[in-house]
**Student:** 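Sharing a structure below in structure tokens format, with a few things to ask.
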2 protein chains.
Amino acid sequence: MSSNKTDTRTRILDAAWNLLESSGGPAVRMGDIAKAAGISRQAVYLHFPTRADLLTATARHIDDAKGVDDRLAASRAATGGAERLDAFIEAWGNYIPEIHGVARALMAAADSDPAAAEAWADRMAALRQGCEAAVAALKKDGLLAPGLPPRQATDLLWTLLSVRNWEQLVGDAGWPQKRYVAAMKTTARRSLTTLAEPPT
Amino acid sequence: MSSNKTDTRTRILDAAWNLLESSGGPAVRMGDIAKAAGISRQAVYLHFPTRADLLTATARHIDDAKGVDDRLAASRAATGGAERLDAFIEAWGNYIPEIHGVARALMAAADSDPAAAEAWADRMAALRQGCEAAVAALKKDGLLAPGLPPRQATDLLWTLLSVRNWEQLVGDAGWPQKRYVAAMKTTARRSLTTLAEPPT
DNA sequence: CCTTTTACTTGACACTGTGTAAATTGACAG
DNA sequence: CTGTCAATTTACACAGTGTCAAGTAAAAGG
């Protein structure tokens with residue numbers, strides 16, 4: 001039956017998720033995940049041909065479980081450009097900690113593995129699209145800072161909201177998550193728009 | 001003789017520099033560097049016990065050759081807070097591309113090697129100090145954005161000027177170096193100060 | 001009841017890259 | 001010609017990913 005197969009597959013994904021969440025990225029080996037899932041290391045390769053495949057599948061698995069699409073859809077629903085920017089930053093910024101374990105592993109793998117690099121690039125492209133849409137909404141409302149082309153505004157917002165920046169502020173600098181989200185909202189407004197402070 | 005030894009050491013550092021500058025970080029192996037330096041792979045280990053040691057030594061080697069300290073000293077010399085911020089961003093921002101090869105290798109190595117992680121953390125701490133000083137100069141002139149503690153302003157500036165952000169804007173987004181520096185100046189002013197646009 | 005298929009296990013192995021240990025070379029001193 | 005010492009090379013150990021072949025247990029299906 002395929003349900004049995006799916007069960008094991010899911011067990012692997014859950015095991016990977018757990019391990020990546022606790023102990024960081026590249027430290028988690030295929031064998032660790034197998035052991036946590038209660039199967040042999042080789043059995044993992046029956047379901048996921050390479051480490052990169054397993055990591056990307058885990059990322060999607062988390063997406064499904066956490067309902068990213070729904071959350072981001074909510075930000076798309078916002079009417080005005082300002083609200084939309086805030087909602088997008090809120091949704092994405094609060095999503096980062098939930099995928100951070102896999103994200104770290106994927107970024108590390110991307111350094112040496114082209115497949116992992118592409119998988120990560122895809123996710124970053126999706127984020128960039130969200131930024132592009134938010135910037136377009138700002139422009140439509142005439143809120144975009146003068147002299148700042150939408151393309152560059154998108155690039156800036158995309159960079160501001162990168163996982164690495166979250167790591168640096170929340171991880172290295174020790175910021176609480178709430179402050180991170182608030183600061184990203186303020187910084188985005190100040191650097192991209194003609195708006196005042198966001199509502200607290 | 002020690003002059004001979006030093007020669008070999010320097011040849012290794014130059015070889016590492018060259019290779020890291022062209023082909024990115026983790027792709028450059030100890031053997032590649034050895035070959036480029038005209039010695040055997042193992043001979044490299046006589047001068048640098050580990051990969052992390054070689055990478056950090058290469059970074060310092062570049063620092064010396066390019067005169068980072070002098071350049072950053074120039075930014076410290078700026079009188080007003082605004083000029084100082086601009087000068088600092090200018091100096092650091094234009095330094096990033098010159099160390100980028102080693103930086104990439106060091107960041108990648110940091111994922112799995114604690115020694116490399118510490119070496120990289122040291123460099124980032126130095127950058128953070130520069131940011132701290134620039135923020136202090138802003139505060140002294142009363143230019144710091146209201147409601148923004150110096151500590152947080154430092155963290156934000158530090159994150160804004162990270163090597164990863166440079167990579168993303170100049171590398172992934174394809175920005176020319178000049179635009180990067182200009183955008184960092186503008187963004188820093190907008191998000192941290194009460195100042196208007198920087199002079200073009 | 002027997003056969004085939006499915007999902008997994010076991011164990012060995014190839015490959016890549018770092019780092020270590022032992023053997024070798026070569027110059028120079030007595 | 002021999003001893004010594006340092007620089008260097010050859011050979012090896014180790015970790016982790018991914019491959020391969022053979023075996024096993026149980027469910028599916030005639």
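Chain A is the first sequence line, chain B the second, and so forth, proteins listed ahead of strands; every chain is numbered from 1. Excluded from the calculations below are hydrogen atoms, water molecules and symmetry mates; all remaining heavy atoms, backbone and side chain alike, are included.
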**Student:** Round to the nearest Å and state the distance from Phe48(B) atom CZ to dT20(C) atom C1'.
**Tutor:**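 Checked: the CZ to C1' distance equals 19 Å.
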
**Student:** Let me have the donor-acceptor pairs involving side chains of residues 66-77 of chain A, under 3.5 Å, with sequence neighbours excluded, atom names and distances please.
**Tutor:**
unit_1	atom_1	unit_2	atom_2	d
Arg71(A)	NH2	Glu98(A)	OE1	2.5
Ser75(A)	OG	Leu72(A)	O	2.8

**Student:** When the distance from CD1 of Ile39(A) to P of dT9(C) is rounded to whole Å, what number comes out?
**Tutor:**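 Result: 6 Å.
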
**Student:** Could you run down the sub-3.5 Å N/O contacts of the protein with nucleotides 19-21 of chain D?
**Tutor:**
unit_1	atom_1	unit_2	atom_2	d
dT19(D)	O4	Gln42(A)	NE2	3.2

**Student:** Not counting sequence neighbours, which residues clear side chain to side chain donor-acceptor pair (under 3.5 Å) with Trp175(B)? List them please.
**Tutor:**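 Partners of Trp175(B) under the side chain to side chain donor-acceptor pair (under 3.5 Å) test: Asp155(A).
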
**Student:** Write down the protein N/O and nucleotide N/O pairs, taken from nucleotides 23-25 of chain D, whose separation is under 3.5 Å; answer none if there are no such pairs.
**Tutor:**
none

**Student:** Could you name each residue pair satisfying salt bridge (Lys or Arg N to Asp or Glu O under 4.0 Å) that touches residues 162-184 of chain A, not counting sequence neighbours?
**Tutor:**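 Found Arg164(A)-Glu167(A).
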
**Student:** Tell me, please, which residues at least two apart from Glu83(A) pass salt bridge (Lys or Arg N to Asp or Glu O under 4.0 Å).
**Tutor:**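 Salt bridge (Lys or Arg N to Asp or Glu O under 4.0 Å) check on Glu83(A) returns nothing, list empty.
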
**Student:** For the helix from dC1(C)-dG30(D) to dG30(C)-dC1(D), what angle lies between the axis at the first five pairs and the axis at the last five pairs, to 10 degrees?
**Tutor:**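 Taking the rotation axis at each end, their angle is 30°.
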
**Student:** Counting only pairs under 3.5 Å, give me each side-chain donor-acceptor contact of residues 24-33 of chain B, with atom names and distances, residues two or more places apart or in other chains.
**Tutor:**
unit_1	atom_1	unit_2	atom_2	d
Arg29(B)	NE	Asp32(B)	OD2	3.0
Arg29(B)	NH2	Asp32(B)	OD1	3.1
Arg29(B)	NH2	Asp32(B)	OD2	3.2
Asp32(B)	OD2	Arg29(B)	N	3.0

**Student:** Give the rounded distance in Å between these two atoms: CG of Asp111(A) and P of dT16(C).
**Tutor:**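 Computing the Asp111(A):CG to dT16(C):P distance gives 20 Å.
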
**Student:** Got a sec, which residues hit side chain to side chain donor-acceptor pair (under 3.5 Å) with Tyr180(B), two or more places apart in sequence or on another chain?
**Tutor:**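 Scan of Tyr180(B) (side chain to side chain donor-acceptor pair (under 3.5 Å), adjacent residues dropped) gives none.
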
**Student:** Figure out the CZ/C1' separation between Arg51(B) and dA15(D), and round it to whole Å.
**Tutor:**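 One finds 16 Å between C1' of dA15(D) and CZ of Arg51(B), rounded.
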
**Student:** Grab the CG-P distance between Asp113(A) and dT16(C) for me, whole Å please.
**Tutor:**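 Those two atoms, CG and P, are 15 Å apart.
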
**Student:** In whole angstrom, what separates Met30(A)'s CE from dG16(D)'s C1'?
**Tutor:**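 Roughly 11 Å, once rounded to whole Å.
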
**Student:** What is the distance, rounded to the nearest whole Å, between atom CG of Leu46(B) and atom C1' of dG19(C)?
**Tutor:**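 About 12 Å, once rounded to whole Å.
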
**Student:** Mind running side-chain contact (heavy atoms from CB on, under 4.5 Å) on Met124(A) and Trp158(A) for me, showing each step along the way?
**Tutor:** CA-CA 9 Å; Met124(A) 288 305 96; Trp158(A) 179 53; 4.1 Å; yes

**Student:** More than 12 non-hydrogen atoms from neighbouring residues, nucleotides or ligands closer than 6.0 Å to CD on Glu118(B), yes or no?
**Tutor:**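 Not buried by this count: 12 neighbours or fewer within 6.0 Å.
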
**Student:** Roughly, in whole Å, what's the span from CZ in Arg29(A) to C1' in dC14(D)?
**Tutor:**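 After rounding, the reported distance stands at 13 Å.
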
**Student:** Not counting sequence neighbours, which residues clear side chain to side chain donor-acceptor pair (under 3.5 Å) with Arg84(A)? List them please.
**Tutor:**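 Applying side chain to side chain donor-acceptor pair (under 3.5 Å) to Arg84(A) gives none.
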
**Student:** Which residue pairs pass the ring pair (Phe, Tyr, Trp, His ring centres under 6.0 Å) test when at least one of the two sits in residues 96-152 of chain B, sequence neighbours left out?
**Tutor:**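 Passing the test, one end in residues 96-152 of chain B: His100(B)-Trp166(B).
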
**Student:** List the residues meeting salt bridge (Lys or Arg N to Asp or Glu O under 4.0 Å) with Asp64(B), not counting sequence neighbours, and say none if there are none.
**Tutor:**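 Asp64(B) satisfies salt bridge (Lys or Arg N to Asp or Glu O under 4.0 Å) with no residue once adjacent residues are dropped.
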
**Student:** Ignoring backbone atoms, test whether His47(A) places a side-chain nitrogen or oxygen under 4.0 Å from the OP1 or OP2 oxygen of dC8(C).
**Tutor:**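 His47(A) to dC8(C) OP1/OP2: side-chain N or O found under 4.0 Å.
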
